[in-house]
2 protein chains.
Amino acid sequence: MLETWSLRVLVEVAERGSFSAAANALTMTQPAVSRQIAALEHRVGVALFRRVPRGVAPTAAGTIAIDEARAILGRLAGMEARLGAFAELRTGLVRVSAFPSANTEFVPEAIRRFSDLYPGVDVSLVVGGWRAIRSGDVDVALVTDWDRVDDDGVALVPLLEEEHRVALPAEHRLAGLTTVPLRELRGETWIEGSHPDCLGPLEGLEKALGGPPRIGFTCDDWTGKQALVAAGMGVTIISTLAGSAVRPDVALRPASPALPRRHVLAAVAPPATRTAAASAMLIVLTTLAAGYH
Amino acid sequence: MLETWSLRVLVEVAERGSFSAAANALTMTQPAVSRQIAALEHRVGVALFRRVPRGVAPTAAGTIAIDEARAILGRLAGMEARLGAFAELRTGLVRVSAFPSANTEFVPEAIRRFSDLYPGVDVSLVVGGWRAIRSGDVDVALVTDWDRVDDDGVALVPLLEEEHRVALPAEHRLAGLTTVPLRELRGETWIEGSHPDCLGPLEGLEKALGGPPRIGFTCDDWTGKQALVAAGMGVTIISTLAGSAVRPDVALRPASPALPRRHVLAAVAPPATRTAAASAMLIVLTTLAAGYH
DNA sequence: GAGGAGGTATACGTTCGACGCATGCTGGAG
DNA sequence: CTCCAGCATGCGTCGAACGTATACCTCCTC
């Protein structure tokens, strides 16, 4: 099967013009080179070098073999370079999945920083969720501690804690307060998301209200929730991660008693099987999260 | 240096989808494949396969590696094929050198037969002589036993014996005889070649003539010798190998006593360093010579 | 012409890498 | 819940390739 090393020796012999010189250049001995070439010639059934007094000279077949060998070795080097680009993050792909509020500001900023650091690596924002980590369809998934991530094949890295705000129509009677007492919202219609990612049933809310919230709508679409609030159809709770992405006709106010915080974590493959790009993205995420108060 | 076998294992794994299946296909064991891929991945610093329940699936880098590996293996096969063409005489070059009279009929016929048998092999008629066998500039050199081939690095293969004829002008007074008595030519002017290849001083001629021949011209050019004879400038001796190539205004006649025969041999490199094309040409030469009476 | 220098081929002992076997581990299927 | 398919790893073994030593050859020089 014509091993690569033979080709390397072949080219070196061709360039040096003698087995001895090639052996020196390759940090091996002359007999080793002699045997390599002899084995190669026996393999292909054709003499590749004529043994001349001062060394060796390629035959017609040898010239072809040398050219081919050069091309093949070049191709091999190219292959190594292309793969090395992955290892050195000069190319590649990292697929990120996040819940809606993280996608409003935090994740885009992380992607921006990542792309500055590694311009060659593509970043793709996908919808796989943390379960896709196992299957390899997602490299980094942002989750919260409300997600029941019970797969020990998925590593969790804490990023930050997000707080929650009550989202009111801008003209709501309580919108002028800096802090909204929750019990004042007992009679309001509430908008919930059915999926934990989308801020579903908030634990502790019932107790703070002094009774079960009256659920008027269920909407997983984060933009839709905002729209419903702006239209005066109800109130809801929105994560501070949403940041400045909230539309101006919706007011965000801290609640009293304070709403429970939610931990945001990055779900990634365990270090052993983790992509270099995923590790890099994880670092970007953690450093970015450290900048969040 | 990324050995070929790794690439072979790589593509086999890619095609089978599992280490075990690839191991079967390659008549090796699953652990061996596992180690090969692991070493390859460690070498390039990138995971090439994701380990999935039913086997393995290539990563992005793995896909590139597989494509490259396929291309490189194909190129390697191509190289082997191109070199194999030399071994199987589907291409190549054989350089033949011969003395002038052999070039008139014998060698051209041999080349014709050779080219019929091996259309891909180029045949080149060169002027190196038997000394060029050693240097590799000539593959087969036709020589006679008058050549002092004293190099044991050159093998000699007997081909045939050539006879000699006296060459007379067609209107010569003796041209009508079927056999020319040499002593009748005592007074003639003789044309000799200085080089043995060109029929130089003929041993025994002096004794047959009853005295030293009177040398009028020395001409190494075989055509020139004929022309001189035709012009009536003298007589000479020409090998029967010249055959029908002798011009019609020159008569060839056997001499009495018979002129000494000359052995024609093929000088080639010893079998160890002999080209396949040279061996093939040698066979053609010997079979062709066997047909000569 | 004898000897030295430079180069290749071969014999022999050794070493190191790759393999096979056995085993453990994991994830999905019945 | 058990079984099975498949990958990873430890261990002992074997062989391929290497290095050392040496023979042989050619050319060059004195």
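Letters go in sequence order (proteins before strands), and every chain restarts at 1.
For the atom pair B/L288 CG and B/L159 CG, the distance stands at 9.0 Å (nearest 0.5 Å). Atom CG of B/L76 is separated from atom CZ of B/R8 by 11.5 Å, given to the nearest 0.5 angstrom.
Proximity of B/L2 to A/T4: side-chain heavy atoms (C-beta onward) are nowhere separated by under 4.5 Å. Looking at heavy atoms from C-beta onward, B/F19 lies in side-chain contact with B/V13 at the 4.5 angstrom threshold. Side-chain atoms of A/D67 and A/R70, non-hydrogen and from C-beta on, do get closer than 4.5 Å to each other. Annotation: side chain of A/V123 is in contact with side chain of A/M281 (closest heavy-atom distance under 4.5 Å). Side-chain atoms of A/L83 and B/E68, non-hydrogen and from C-beta on, never get closer than 4.5 Å to each other.
Heavy atoms of other residues, nucleotides or ligands lying less than 6.0 angstrom from CZ of A/R90 number more than 12.
Proximity of a side-chain donor or acceptor of B/R51 to a complementary backbone N or O of B/F49 within less than 3.5 Å is detected.
At a non-hydrogen distance threshold of 4.0 Å, B/S18, B/F19, B/S20 from residues 2-26 of chain B come into contact with DNA chain D. Annotation: proximity of residues 28-38 of chain A to DNA chain D (heavy atom, distance under 4.0 Å) is found for A/M28, A/T29, A/P31, A/A32, A/R35, A/Q36, numbered in ascending order. Proximity of residues 46-61 of chain A to DNA chain D (heavy atom under 4.0 angstrom from any strand atom) is restricted to A/P53.
Legend: residues meeting salt bridge (charged side-chain N to carboxylate O under 4.0 Å, His left out) with A/R50, ordered by chain and number and at least two apart, are absent.
Checked for salt-bridge contact, A/E3 and A/R43 miss the test: no charged N lies under 4.0 Å from a carboxylate O.
In summary, contact between chain B and DNA chain D, defined as any nucleotide atom under 4.0 Å from a heavy atom of the protein, begins and ends at D/dG6 to D/dT26 in the 5' to 3' direction.
The side chain to side chain donor-acceptor pair (under 3.5 Å) pairs that include a residue from residues 120-140 of chain B are B/R95-B/D139, B/R134-B/D151, B/S135-B/D137, where partners are two or more places apart or lie in different chains.
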